[in-house]
Every structure is written in C-alpha cells, then in structure tokens.
There are 2 protein chains.
Amino acid sequence: MGDGSEIERQVIDRLNAHDLRFTVARRQIVKALRGVDGPVTLPELLDLAPDLAQSSAYRNLALLEDAGIVRRLVHSTDHARYELAEVLTEHHHHLVCDRCGVVRDIAFSDETEELLDQEIAEVAAAERFHVTRHILDLHGLCSDCVAATS
Amino acid sequence: MGDGSEIERQVIDRLNAHDLRFTVARRQIVKALRGVDGPVTLPELLDLAPDLAQSSAYRNLALLEDAGIVRRLVHSTDHARYELAEVLTEHHHHLVCDRCGVVRDIAFSDETEELLDQEIAEVAAAERFHVTRHILDLHGLCSDCVAATS
DNA sequence: TTGCTTGCAAATGATTTGCACTGCT
DNA sequence: AGCAGTGCAAATCATTTGCAAGCAA
C-alpha cells in the first residue's frame, strides 16, 4: 500500500517537472495501468477506464510517455501496447503470444540480467553504440492457444 | 559464394512448399534483403529495388513471411522493418537508434545465448508458455546521433 | 488456357490533430 | 480571466485489398 502512494508521488513529480497537471483522465490511465499484469492496448485501456475519450487517451499516453511515466510497446502492426515506465515499476520482460496477441510480464534472475548487461556493454563498446536499455521479448504460444491448437 | 546459392535454394524450396513461384519481384526482394546489414523499411526496400511496385512489395513480403523466408519486425509505430528469416541467415539481435531509427544487426557470444536459452526455458516452464523464439533489441543512440547530440 | 502475379487506385484502420468548449487556478 | 485539458469529428499515413491486365506452366 505504501507502494501505491510512492508510485503516485513519482507520477506527480514527473508531471510537475513537465508542467502537466494530474487530471482525472491521467489519474485513470495510471490507475488502470497499475492494475494489470502486462501492457495493454488502447481498446483495453478504454475498457478499464470507460469514461475516457479515445483521443484523450492517445493524447495523454503520448504526454505521459514524454514525461517518462508510460512506455509504449509495439509488438505487431495493429494496436500498440502501453505500460508504466520501469522507473515506476521494475525491470521486466514479456511473454508474447503470437496467436492471440496477449502479453504478460515476466522477470529474469538477477544473475542472468547481470550477465546480459555485461555482454551488452561489450557489444555496445565494440559497435560504438550508446545503449540505454534493452528489450527482451519471448514469443510463442500461451497455454490457452496451445490447448486450442490441438 | 557457395553461401549465396545455398540461400537461394532454400528460398526456392520454401516457395515451392507454399505453391509460390520465384518471380522477378520476389527475386529482387530477397536479393535486396541479402545486401544489407540490418532490417529495412518498405521505402528503403523500394529504393533498393526501384522497379518494384509498393503494393507488390507489401504483398510479396507478406507471402514470403508466411513461407518462412522473411521476418517482419516492428520497432516503432511508423514503418515496419523486414529481414531474411533466421533459418536463412543466423540468429542475431538488433541495435536500434531511438533518434534516427536505424537498425543494425549484432550477435552475442554462444555462451550468452546458451545461458539465455536456459533461463528462458525455465521461465517458460514456470509460466506454462510455449516459447518459440526470443527477440532482444538494444535501444539507444548510434554514434552519428551521439555526435549530433552535442 | 488456367491461374498465379502485378500495378493502379480505392479502402481500411490505428493514430493524430483542428477546433470549440470545459474547468482548474 | 486565462490557459491547460477535453471530446468530437476530420485528417493522416502505413498497410491492405478489389480489379483488370500480364505472364508463366
């Protein structure tokens, strides 16, 4: 619970830093994103926050992304997916079902992440590329779709 | 050299398996994709194969993707990127410049890939998810954009 | 011939934007 | 009052698709 207000404080700080207000619409978006276990599409977000206009959702998600509060993911050509930025949550990866499109959060062990960071640092240095983050998505079939593909 | 015809044979086999001909347009697409060091966007592909109609490019890329010859990547909301499938090339990852959008191929050490596969297998089992592949993209700034951000 | 391919132009669908209105401050 | 924020509807833009013509088996 103390966790909740901590996130909220972070959100408000970042909004202030970007001269943005913590309006009802933005509050709804953040609340909705906190209540799910994976990134959501725009339609899914509208279901979670029914009195939010579509254009306001898109506009606020873009602003929240600029403010470092939200992260936009694109796994396919249709709907993008949105989640809270990792500064507000924790570093994680995604399981992506290539059949139904559902996306769920997962975490790796600290050891694996450390080794990964190390390898990334080496490659980045060799390629003269300034790496700021990595995205690791596991694609395949969720258990429901495995069952359906009998 | 021998490598080139090997890929071509693979392409033809896969096309045959899907009742598709190895037409001029498809030949151009495969040739273009073989000549670059990272996945390309549709406009970039059209530059590489000037006498290819846009709709034919889209249509053939979709068919080639179904045939397992091409892989479509989506890193941002605008243009998707296309590359030869890994069965024709080798497992690799991408450096993605968040400023200019350029994408370049990179490879990790076999040890890292093995450890990664091991960790992925564990997570997949725990989450009851059938993982078929993983995508690891390193985001940041390419050296040109680092220089430009003086 | 028979049907896969192609190119053009029109359609689709996610996302963005113009504009007038609402509501903080 | 003054300006950020909102909702509606129209605009954008990547991608898809209908259709008539071209080409290969």
Side-chain angles (χ1 to χ4, degrees), chain A residues 11-33 39-67 69-83 101-103, chain B residues 11-33 39-67 69-83 96 101 103:
Chain A
V11 169
I12 293 173
D13 285 350
R14 287 177 177 265
L15 285 174
N16 286 338
H18 288 256
D19 290 314
L20 296 172
R21 299 177 190 161
F22 197 23
T23 64
V24 175
R26 289 166 194 165
R27 210 177 294 265
Q28 285 183 320
I29 291 174
V30 171
K31 185 182 174 194
L33 293 183
V40 296
T41 62
L42 206 283
E44 287 167 357
L45 178 62
L46 293 183
D47 283 345
L48 294 170
D51 37 348
L52 188 60
Q54 188 191 49
S55 63
S56 296
Y58 274 118
R59 208 154 5 203
N60 281 314
L61 285 167
L63 292 171
L64 292 170
E65 191 185 12
D66 288 344
I69 296 167
V70 159
R71 184 167 133 192
R72 180 195 322 212
L73 309 170
V74 196
H75 290 116
S76 67
T77 311
D78 46 14
H79 284 280
R81 284 179 180 271
Y82 302 88
E83 66 182 8
V102 74
V103 180
Chain B
V11 169
I12 293 173
D13 284 351
R14 287 177 178 266
L15 285 174
N16 286 338
H18 288 256
D19 289 314
L20 297 172
R21 299 175 192 163
F22 197 23
T23 64
V24 177
R26 290 166 194 165
R27 210 176 294 266
Q28 285 183 320
I29 291 174
V30 171
K31 185 182 174 195
L33 294 183
V40 297
T41 62
L42 204 285
E44 287 167 357
L45 179 63
L46 294 182
D47 283 346
L48 294 170
D51 37 347
L52 187 62
Q54 189 190 49
S55 64
S56 296
Y58 274 118
R59 207 153 5 201
N60 281 315
L61 284 167
L63 291 172
L64 291 170
E65 191 184 12
D66 287 344
I69 297 167
V70 159
R71 183 168 136 192
R72 180 197 318 216
L73 308 169
V74 196
H75 290 117
S76 67
T77 310
D78 45 15
H79 284 281
R81 284 178 180 273
Y82 302 87
E83 65 182 9
V96 182
V103 180

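It should be emphasised that the depicted structure is a prediction, and the values quoted were computed from it without experimental measurement. The sequence lines fix the lettering, A, B, ..., with proteins before strands; numbering per chain opens at 1.
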Would you mind reading off the distance between [X] atom [atom1] and [N] atom [atom2], rounded to a whole angstrom?
X: B:His18; N: C:dT5; atom1: NE2; atom2: C1'; value: 18 Å
X: B:Phe22; N: C:dT5; atom1: CZ; atom2: P; value: 13 Å
X: B:Asp66; N: C:dT5; atom1: CG; atom2: P; value: 13 Å
X: A:Leu61; N: D:dG5; atom1: CG; atom2: P; value: 14 Å
X: A:Leu20; N: D:dT6; atom1: CG; atom2: C1'; value: 14 Å
X: A:Asp19; N: C:dT25; atom1: CG; atom2: C1'; value: 14 Å
X: A:Ile29; N: D:dT6; atom1: CD1; atom2: C1'; value: 12 Å

Listed partners of B:Ser76 passing side chain to side chain donor-acceptor pair (under 3.5 Å), at least two apart: B:Asp78
With sequence neighbours excluded, residues passing side chain to side chain donor-acceptor pair (under 3.5 Å) with B:Asp51: B:Gln28
Min side-chain heavy-atom separation [X]-[Y] under 4.5 Å:
X: B:Arg72; Y: B:Leu61; value: no
X: A:Ile29; Y: A:Leu48; value: no
X: B:Leu63; Y: B:Arg26; value: yes

Separation between NE2 of A:His75 and NE2 of B:His75, rounded to the nearest 0.5 Å: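 NE2 of B:His75 is found 10.0 Å from NE2 of A:His75.
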Under 4.0 Å protein heavy-atom contacts per nucleotide of nucleotides 6-17 of chain C, with B for base, S for backbone only and - for none: SBBB----SBBB
